[in-house]
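What you see is a predicted model; the values in this text were computed from it and never measured. All chains are named by letter (A, B, ...) in the order of the sequence lines, taking the proteins before the strands, and each is independently numbered beginning at 1.
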Amino acid sequence: VLLVAYLGYVGLGAGVLQALERPAEVQAAQHLLQQHWELLANHTCLQGPALQRLIEGIIQAYKSGITLQGNTTSLGRWDFSGSFFFSISAITTIGYGNLSPSTVAGRIFCILFALFGIPLNLVLLNEIGQLMLLGVQHCAHRLEEVFHWQKKASLLIKTCALVTGLLLFLLLPPLLFSDKEGWSYEEGFYYSFVTLSTIGFGDYVIGMNPDRTYPGWYKNVISLWILFGMAWLALVIKFCINFLE
Amino acid sequence: KAMCSGKLQTGLLVVGYFVYLLVGAAVFQALERTAEKQEKIAAAQMKEAFLQNFTHLTVAEMEQFMKNLTEAIQNGVYPVGNESQIEDSNWDFSNSFFFAGTVVSTIGYGTLRPKTAGGQIFCVFFALFGIPLNIVFLHRVGKMLSLLCKKLGKFLYEKGMRKKKIKFLTLLFFLATGILVFLCLPSLFFQITEGWSYSEGIYFAFITLSTIGFGDYVVGKQPGRNYFSYYRTLVAIWILFGLAWIALLFNL
């Protein structure tokens, strides 16, 4: 029965997403094709195959994380800050993918690094989650003592904690992102959720816009947010699982 | 005293975690920096060479075209070939199904992702309920796999082996068969179907099953290759059981 429910759920999602995304995709493809042919038409000496090769070359470069815009020798992606962020994305299993190792040695190291890093990350997240839970229970006890409520206090505190967590980790950060990254609120929310759930598509990644300047504390604060946010979301999902089982 | 040592442990854990990250960052940087530089130079040269061959193409037009192309690639539209490619959609049902699977398992390759605001919001809520569902589901599958292990243990016990030895052997057996079935054999399979090297296959298998899912390697995305019709379904089943195996491994 569970199998059927699972497959059904995934199938349902597939259907909905298909309906939502297909039209936009067709439009984008047609738009690009139009430009392609326009370019070829405007410059009749431009040969189709040569352009094809160029396009393939650009796609290849893009997959390696290189965009060919302008003449500026932009900052390398594998500077220390970028590598640090990459390490985080590996052991939290977020795995954005906007940056990924292209050398064989880098990949082998990545596997080994993740092999020990992921359990380490899980242990740490568990610790943080436990601390959060203890803090909430502590507050509940204090409230019970001060106000002499009995069962109400526990429920109230738990709801309060859920709401604070929601605000702190999912609802407020998008505001920061729309200021620093220029995303819409909805995009910031989408990014927050995709990151904290460790899905990590990589379509939105903070601090990657070459046209923007970021304050020094930005990436560090975000890293802390990811850590605590993941622990909180893991707790929430644990409660969901207990509810399901 | 117990609380003190507990806090010390947590502190050590936090410190250890950050040290681990820093070490990793340094190593990655050392390994990848030079390769990146080379690729940048190669890409710039390619651009230069192209402009030189077609000198009446202005730089501005070129930049505009590149910008549009990059945007299209970011949106998952690879303009290789001609118009007939519009018919093949990234969002046909089988691809959407695969996508939904990567969301729910939190792998999240990212080669395919929702662009519309509606698609993104739906994705968030879909994952909110799908991820717990996935975890519960994997739990069940893992239990089925562990039953097999218990049967093996029982068989050995009846043959007169000591319990500790049985536990060790079953763990070893579970680990070894798992690595074979979920890492080594699939990589051979991918060599044939995707044209990757063996080490690329292992890398892909590991990144997928750990749910990191960078998306630099994804099945069924090579242009110009014919995949037999149940390829993706087969890969999906592999991912499912592989994830359950890993989950079980953590429980043991």
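Between chain B and the options Val104(A), Val236(A), Leu233(A), Ile88(A), the largest number of non-hydrogen pairs under 4.5 Å is found for Ile88(A). With chain B as partner, the option from Asn121(A), Leu115(A), Ile111(A), Val123(A) having the largest number of non-hydrogen pairs under 4.5 angstrom is Ile111(A). Most heavy-atom pairs under 4.5 Å with chain A: of the set Gly130(B), Gly101(B), Gly215(B), this distinction falls to Gly130(B). In terms of non-hydrogen atom pairs under 4.5 Å with chain A, the most contact-rich of Val124(B), Val104(B), Leu128(B) is Val124(B). Across Leu120(A), Leu227(A), Thr93(A), the residue that shares the most heavy-atom pairs under 4.5 angstrom with chain B is Thr93(A).
Both the backbone and the side chain of Phe113(A) have a heavy atom closer than 4.5 Å to some heavy atom of chain B. For Tyr191(A), no part sits under 4.5 Å from any heavy atom of chain B, backbone or side chain. Within the 4.5 angstrom heavy-atom criterion, only backbone atoms of Ile94(A) (N, CA, C, O) approach chain B. Neither the backbone nor the side chain of Val194(A) comes within contact range of chain B; no heavy atoms are under 4.5 Å apart. For Leu196(A), no part lies under 4.5 angstrom from a heavy atom of chain B. Interface remark: Tyr217(B) contributes side-chain atoms only to the contact with chain A (heavy atom separation under 4.5 Å). If you measure heavy-atom distances from Ile135(B) to chain A, the contacts under 4.5 Å come from the side chain alone. In this structure, chain B has a heavy atom under 4.5 Å from the side chain of Thr92(A), while its backbone stays farther away. In this structure, the portion of Tyr96(A) lying under 4.5 Å from any heavy atom of chain B is its backbone and not its side chain.
Between the OG atom in Ser199(B) and the CD1 atom in Ile108(A) there is a gap of 7.0 Å [rounded to 0.5 Å]. Between atom CD1 of residue Ile202(B) and atom CZ of residue Arg107(A) there is a gap of 13.0 Å, rounded to the nearest 0.5 Å.
For Tyr185(A), the side-chain contact (heavy atoms from CB on, under 4.5 Å) partners at least two apart in sequence or on another chain are Leu171(A), Pro174(A), Leu175(A). With sequence neighbours excluded, the residues that form a side-chain hydrogen bond (donor to acceptor under 3.5 Å, both in side chains) with Thr208(B) are Tyr109(B). Checked against side-chain contact (heavy atoms from CB on, under 4.5 Å), Thr106(B) has the following partners two or more places apart in sequence or in another chain: Thr198(A), Ile199(A), Ile131(B), Thr211(B).
In this structure the side chain of Phe201(A) reaches within 4.5 angstrom of the side chain of Val103(B), judged on heavy atoms.
Of all residues in residues 125-132 of chain A, those placing a non-hydrogen atom less than 4.5 angstrom from a non-hydrogen atom of chain B are Glu127(A), Leu131(A).
Taking a 6.0 Å sphere around OH of Tyr198(B), one finds it holds more than 12 heavy atoms contributed by other residues, nucleotides or ligands. At most 12 non-hydrogen atoms from other residues, nucleotides or ligands lie less than 6.0 angstrom from CZ of Phe241(B). Around atom CZ of Phe193(A), more than 12 heavy atoms belonging to other residues, nucleotides or ligands sit under 6.0 Å away.
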